[in-house]
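What you are looking at is a predicted structure, and each value in this text was computed from that prediction instead of being measured. Throughout, protein chains are lettered first and strands after them, A, B, ... in sequence-line order, and every chain is numbered starting at 1.
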Amino acid sequence: MSLQDRTRFEPAEVEPRIIERWLASGLFHPDPSDPSPGWSIAIPPPNVTGALHMGHALNGAIQDVLIRWHRMHGDRTKWILGTDHAGIATQTQVEKLLRSEGTSREELGREAFVQRTWAWRAEYGGTIIGQLERLGASADYESERFTLDEGYVRAVLEVFTRLYDKGLIYRDNYMVNWDPGSRSAISDLEVEEREVDDHLYSIAYPLTDGTGEVVVATVRPETMLADTAVAVHPDDERFTHLIGKRVRLPLVGRELPVIADPYVKPEFGTGCLKITPGHDPNDFEIGRRHGLPEVSVIGEDGRMTEAAGEAYAGLAVLEARERVVADLGDAVRAVEPYRHTVPISHRSGERIEPLISLQWFMRMDELAKPALQAVRDGRVRIHPESQRRRYEAWLEEIRPWCISRQLWWGHQIPVWYRGDEVHVGTAAPEGEGWTQDPDVLDTWFSSALWPFATLGWPDETAELQAFYPTAVLSTARDILFLWVARMVMMGLEFMGDVPFRDVYVHSVIQAPDGRRMSKSLGTGIDPLEEIDRHGADAVRFGLLAMSSTQDVKYSAEKVAQGQALANKLFNASRFVLGKVPEGTVAAARPSAVEDRWILSRLQAIKADTAARIEAFDFSKVAFGLYDFVYRDLCDWYLELIKHRAVDDDLGATLLHVLRETVALAHPVIPFVTEDLWAHVGNGEGDHGLLAGARIPDVDEALRDPAAEAAIDAVIGAVTTVRGWRNDAQVKPGAFLQARINAAGYEQTAGLVARLARLELSANGGDPAATVAVPGGTVEVLTSGDFDPGEAEQRLERQRDGLRAEIARAEGKLGNQGFVAKAPPEVVAAERGKLERLRAELDAL
RNA sequence: GCGCGCGUAGCUCAGGUGGUCAGAGCACCGCCCUUACAAGGCGGUGGCCGCCGGUUCGAGUCCGGCCGCGCGCACCA
């Protein structure tokens with residue numbers, strides 16, 4: 001269908017064709033063997049299990065704007081694409097599937113389970129990539145990576161081995177966050193504190209010497225079975241006499257020492273703290289300080305172990321709690337309601353069970369220092385500022401990272417055991433009888449290598465040379481520590497350079513009512529449905545327009561504005577192409593003041609857009625384009641030239657302005673602009689595609705302040721006269737005789753007349769009405785075509801406004817303090833303003 | 001508990017270094033199917049700039065204190 005037959009832009013019809021052309025062009029896939037410098041972004045790899053959500057869509061739009069902008073400025077761009085194996089999430093998903101089939105991972109065995117998971121990934125794992133295509137993301141689909149692909153695994157094993165050799169990775173029995181849901185240890189960053197209503201129990205432990213008892217307070221009575229001491233504050237005079245005595249642990253019978261430790265808060269609870277090194281992180285620390293035994297009574301399945309004693313073994317923790325409280329009888333001295341926070345697994349949603357267990361850890365202090373320095377000295381810039389402070393604060397107090405996970409899906413830890421022998425290496429050791437450590441690495445361990453492992457490291461590839469470091473990392477703030485900080489550490493350690501120059505932390509998109517967007521709350525909005533409804537351009541524009549340094553609510557309005565913009569630009573193009581003769585060559589050849597004006601405005605929007613992209617101010621990028629297209633281009637320029645005969649100069653200029661506008665808007669709304677490029681692009685760009693064409697630089701020679709002033713006056717005058725006509729109830733179509741009695745319209749009187757529907761006259765008679773316009777007045781000469789009463793009322797309102805402003809200015813200048821203390825130029829400006837206002841009032 | 005941010009028209013938000021800063025978009029109201037677009041055009045209504053004090057000739061704009069909302073960090077049993 002020809003352009004002139006399409007009265008509106010139909011995204012659903014156009015988008016699939018355009019995606020096809022882009023992908024076929026190879027534009028998104030720079031030659032991997034070319035080592036010349038490039039400009040790259042590594043996508044935060046979405047989970048293979050995932051479907052595109054609003055966060056992905058926003059981040060996709062942001063990254064694509066950056067990538068397209070740079071591609072259209074001649075950079076060799078690569079948007080590194082791939083997915084994350086997402087250990088826990090994927091394993092959980094596949095286990096669920098197995099359960100529905102009546103089997104389990106245990107039944108299948110490790111090898112078969114992992115195979116099954118690969119098969120699952122092959123079937124379902126690619127959906128999100130296809131969804132990114134629909135968004136218009138110009139990523140390198142031809143070299144998609146996966147954190148478990150062959151090359152990536154090599155990188156992970158290499159890093160583990162080197163860090164082990166450096167002494168940064170070690171194995172230890174230590175307290176970890178045990179997630180009973182995924183049956184694995186998880187890191188501190190995967191734990192969320194949630195407030196719950198609980199009970200605080202006071203329990204009496206009798207002194208062994210029969211002189212009394214010690215009452216301790218706890219929210220977890222069942223852990224008393226693993227108590228190995230009671231602690232009081234060393235300076236708490238109520239209890240100093242108890243220090244060194246012993247108590248008998250009820251139900252168990254074990255004797256416990258009463259120790260002194262400053263951790264105990266005398267004012268809290270009873271002032272006496274039961275110490276359970278096996279099941280509480282603080283007690284664990286205290287226990288290690290005092291050399292206390294570590295007793296475990298809760299197992300990895302979340303049930304009481306044999307060590308809890310016959311009466312409790314096998315019970316779930318909550319059952320055990322009830323039983324213990326019942327069995328304690330009178331020893332429970334008080335039960336009060338108590339609200340506090342408990343640790344919840346971010347992965348499974350279950351309550352964390354702190355347990356002592358043998359895990360692999362990574363020392364972070366040595367790697368953290370350079371990562372902190374890189375941000376402090378600006379080699380990595382984090383935007384916005386508030387996020388930089390968060391990053392620094394976290395790195396300053398970094399703790400060891402538990403990197404082993406008791407899962408099957410992931411990078412199995414490259415450590416083998418045979419008796420007391422240990423082998424650490426990228427390959428299994430020679431000889432018989434070795435068994436590999438069953439655990440896998442935390443998913444974030446592999447993600448931390450993303451910016452260089454995806455480019456071929458540890459080999460020295462041309463891609464590494466060309467695209468490392470990447471330019472920008474755009475991401476959500478919840479993975480600033482989990483991922484971003486660790487990439488900086490690993491990049492510095494293994495590449496000797498930061499992994500990216502800028503980190504942009506984007507908004508979180510909330511539901512329209514301000515709640516979190518989530519499936520379980522039913523508050524989620526599916527970006528793909530929005531694309532179906534409004535088009536990818538609209539969704540991209542809307543998300544960019546919403547984005548901010550703060551969290552934002554999803555705004556259907558802004559998506560609608562994006563859709564309107566695409567349609568507006570489409571129709572403006574139809575109009576221009578309908579006027580410009582076949583064969584016209586686009587060029588800036590202004591022949592009238594409005595031509596010089598639009599060319600000058602075009603330079604301004606190009607410069608503004610560049611500055612806003614540099615500053616990651618995507619909202620202003622989007623709205624700046626919107627305003628330019630609507631106001632400058634359509635409302636004014638096209639209206640101003642509508643009745644001009646299209647000579648060669650005007651045709652060339654029109655086409656030039658349209659082409660540059662279409663190109664400039666492409667990074668934000670790539671589909672409609674690519675569609676239009678087929679008609680205005682004149683075959684320019686790789687494969688004739690706008691995605692492969694250039695956005696022309698700002699042409700300073702076309703900046704024209706005089707033309708801008710002249711047309712600003714036209715806009716002011718036309719708007720005012722239209723307002724007057726509206727109030728005076730002039731027939732919309734009527735042309736009124738009038739004369740312009742104002743300076744600055746020498747070249748533009750005709751334009752004002754046409755757009756305000758005036759018939760300029762040299763008639764010297766008295767005006768029937770006067771309208772104040774910039775630089776003077778317009779005097780309407782014909783009476784009878786309007787309501788003089790309404791007209792006079794409007795005039796009076798204008799006079800009132802002027803009088804009020806004059807009064808304000810006079811008041812200010814009459815204020816001795818102002819005249820004496822304000823800077824002279826401010827006072828002078830105020831005087832000038834007053835004179836101007838008085839002149840305007842006189843004219844009316 | 002500590003830290004950070006926010007509270008400006010009905011809604012979503014702009015408003016470096018204090019002096020046309022009271023704005024935009026959408027919504028709303030009125031008028032127009034003017035041959036690019038009615039998913040359009042033109043015009044208009046609308047705001048103790050959260051509250052209370054302070055600094056200043058002058059404060060959405062700086063300072064202090066409240067109130068409300070959000071986020072981050074945190075080992076109080």
Side-chain angles (χ1 to χ4, degrees), chain A residues 3-4 7-9 193 200-202 216-220 223 231 263-265 267-276 280-286 338 340-341 343 354 384-387 389-390 393-394 397 477-478 480-481 508 510 512 514 534 538 545-546 548-558 560-561 563-579 619-620 623 626-627 630 634-635 638-639 642 718-720 722-727 729-733 755-757 805 808-809 812 815-823 825-827 829-830 833 837:
Chain A
L3 198 61
Q4 297 304 330
T7 58
R8 59 176 64 158
F9 178 65
E193 297 289 330
L200 187 64
Y201 300 84
S202 298
V216 299
T218 180
V219 288
R220 302 195 62 191
T223 64
Y263 169 77
V264 182
K265 303 267 186 300
E267 67 279 7
F268 188 88
T270 60
C272 300
L273 177 62
K274 65 191 267 306
I275 303 298
T276 318
D280 182 279
N282 302 306
D283 293 7
F284 178 80
E285 298 287 338
I286 295 170
Y338 184 60
H340 67 146
T341 58
E385 184 71 7
S386 55
Q387 299 302 322
R389 289 197 295 271
R390 266 186 78 211
W394 185 71
E397 298 196 28
R477 66 157 179 264
D478 55 342
L480 188 65
F481 310 145
V508 173
Q510 300 165 334
H534 306 283
M546 283 171 229
S548 153
T549 56
Q550 297 271 120
D551 290 354
V552 296
K553 294 178 187 136
Y554 186 78
S555 161
E557 258 171 28
K558 293 192 171 67
Q561 274 182 272
Q563 189 174 1
L565 174 64
N567 193 57
K568 191 76 176 171
L569 191 55
F570 180 82
N571 275 295
S573 303
R574 285 176 61 218
F575 175 72
V576 169
L577 292 169
K579 284 190 85 89
S619 173
K620 282 198 180 138
F623 282 121
Y626 181 93
D627 287 342
Y630 267 81
C634 296
D635 290 351
L638 296 185
E639 293 301 327
K642 217 165 211 175
V718 169
T719 303
T720 319
R722 280 171 175 169
W724 173 85
R725 291 176 63 113
N726 213 49
D727 286 350
Q729 299 177 350
V730 178
K731 285 204 178 65
L755 293 188
R757 287 183 183 264
E805 280 198 72
R808 189 157 25 133
K812 224 169 170 179
N815 181 334
Q816 285 303 94
F818 175 73
V819 180
K821 297 190 183 179
E825 60 272 21
V826 173
V827 178
E830 198 65 34
K833 177 181 157 192
L837 291 169

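- You'll find the side chain of A:Arg574 reaches within 4.5 Å of the side chain of A:Thr7, heavy atoms only.
- Checking A:Lys553 against A:Ser555 by side-chain atom types alone, no donor-acceptor pair falls below 3.5 Å.
- Across all strands shown, B:G70 forms a Watson-Crick or G-U wobble pair, both distances under 3.5 Å, with B:C4.
- With a 6.0 Å cutoff to the six-membered ring centre and a 45° limit on the axis angle, A:Lys265 counts as a cation-pi contact of A:Tyr263.
- A syn base is found at B:G60: its glycosidic angle is within 90° of 0.
- Of all nucleotides in RNA chain B, those with any atom nearer than 4.0 Å to a heavy atom of chain A start and finish, going 5' to 3', at B:C4 to B:A77.
- Searching all strands for a Watson-Crick or G-U wobble partner of B:G53 with both distances below 3.5 Å returns B:C63.
- Within the 4.0 angstrom heavy-atom criterion, no nucleotide atom of any strand lies near A:Ser619.
- The aromatic rings of A:Phe570 and A:Phe9 are tilted relative to each other, their planes meeting at an angle between 30° and 60°.
- Separating the C1' atom of B:G15 from that of B:C28 is a span of 24 Å, rounded to the nearest Å.
- Contact annotation for A:Tyr626: backbone-only contact, meaning every heavy-atom pair under 4.0 Å involves sugar-phosphate atoms and none involves a base.
- B:G23 and B:C13 make up a base pair, with Watson-Crick or G-U wobble contacts both under 3.5 Å.
- Atom P of B:C49 sits at a distance of 9 Å from the matching atom of B:A9, rounded to the whole Å.
- Base-pair partner of B:C76: not found among the strands shown (Watson-Crick or G-U wobble, both distances under 3.5 Å).
- B:C71 and B:G64 have their P atoms separated by 25 Å, given to the nearest Å.
- Nucleic acid contact class of A:Tyr630 (heavy atoms, under 4.0 Å, all strands): sugar-phosphate only.
- No contact: A:Tyr554 has no heavy atom under 4.0 Å from any strand.
- Among the atoms of the strands shown, only primed sugar atoms or phosphate atoms (P, OP1, OP2) are found under 4.0 Å from some heavy atom of A:Gln561.
- Mapping A:Ala564 and A:Ser548 onto RNA chain B by nearest heavy atom places A:Ser548 closer to the 5' end of the strand.
- Take A:Lys579 and apply the salt bridge (charged side-chain N to carboxylate O under 4.0 Å, His left out) test, not counting sequence neighbours, and it matches no residue.
- Taking the ring centre of A:Tyr626 as origin, the terminal cationic atom of A:Lys558 falls outside the region bounded by 6.0 Å and 45° from the ring axis.
- Nucleotide B:G58 forms no Watson-Crick or G-U wobble pair with any nucleotide shown, as no partner meets the under 3.5 Å limit on both distances.
- Taking atom C1' on both B:G47 and B:U12, the two are 15 Å apart, rounded to the nearest angstrom.
- Among the protein residues, A:Arg477 comes within range of the sugar-phosphate backbone only, with heavy atoms under 4.0 Å from sugar or phosphate atoms but none that close to a base.
- Under the Watson-Crick or G-U wobble criterion, with both distances below 3.5 Å, B:G40 is paired with B:C32.
- When the P atom is used for both B:G7 and B:U17, the distance is 14 Å, rounded to whole Å.
- Nucleotides of RNA chain B nearest to A:Trp724 and A:Lys553 differ in position, and the one nearer the 5' end is that of A:Lys553.
- Side-chain contact between A:Phe284 and A:Thr276 is absent, with no heavy-atom pair separated by less than 4.5 Å.
- One finds a salt bridge joining A:Asp551 and A:Arg477 here, because a Lys/Arg side-chain nitrogen approaches an Asp/Glu carboxylate oxygen to under 4.0 Å.
- Counting non-hydrogen atoms under 4.0 angstrom, A:Arg390 reaches the backbone sugars and phosphates but no base.
- To the nearest whole angstrom, the two C1' atoms, one in B:G30 and one in B:G68, are 38 Å apart.
- Look at the P atom in both B:G41 and B:G25: the space between them is 12 Å, to the nearest Å.
- At a threshold of 4.0 angstrom between heavy atoms, the contacts of A:Arg220 with the nucleic acid are absent.
- Among the protein residues, A:Ser555 comes within range of no part of the nucleic acid, since none of its heavy atoms lies under 4.0 Å from any strand.
- A:Asp727 comes within 4.0 angstrom of no nucleic acid atom, judged by non-hydrogen atoms across all strands.
- Residue A:Gly723 is classed as a sugar-phosphate contact, given heavy-atom separations below 4.0 Å to backbone atoms only.
- Here A:Ala560 pairs with nothing under the side-chain contact (heavy atoms from CB on, under 4.5 Å) rule; sequence neighbours left out.
- Taking atom C1' in both B:G54 and B:C11, the straight-line distance is 34 Å, to the nearest Å.
- Among the heavy atoms of the strands lying under 4.0 Å from A:Gln563 is at least one base atom, whether or not backbone atoms are also near.
- When both pairing distances are held under 3.5 Å, B:C48 makes no Watson-Crick or G-U pair with any nucleotide shown.
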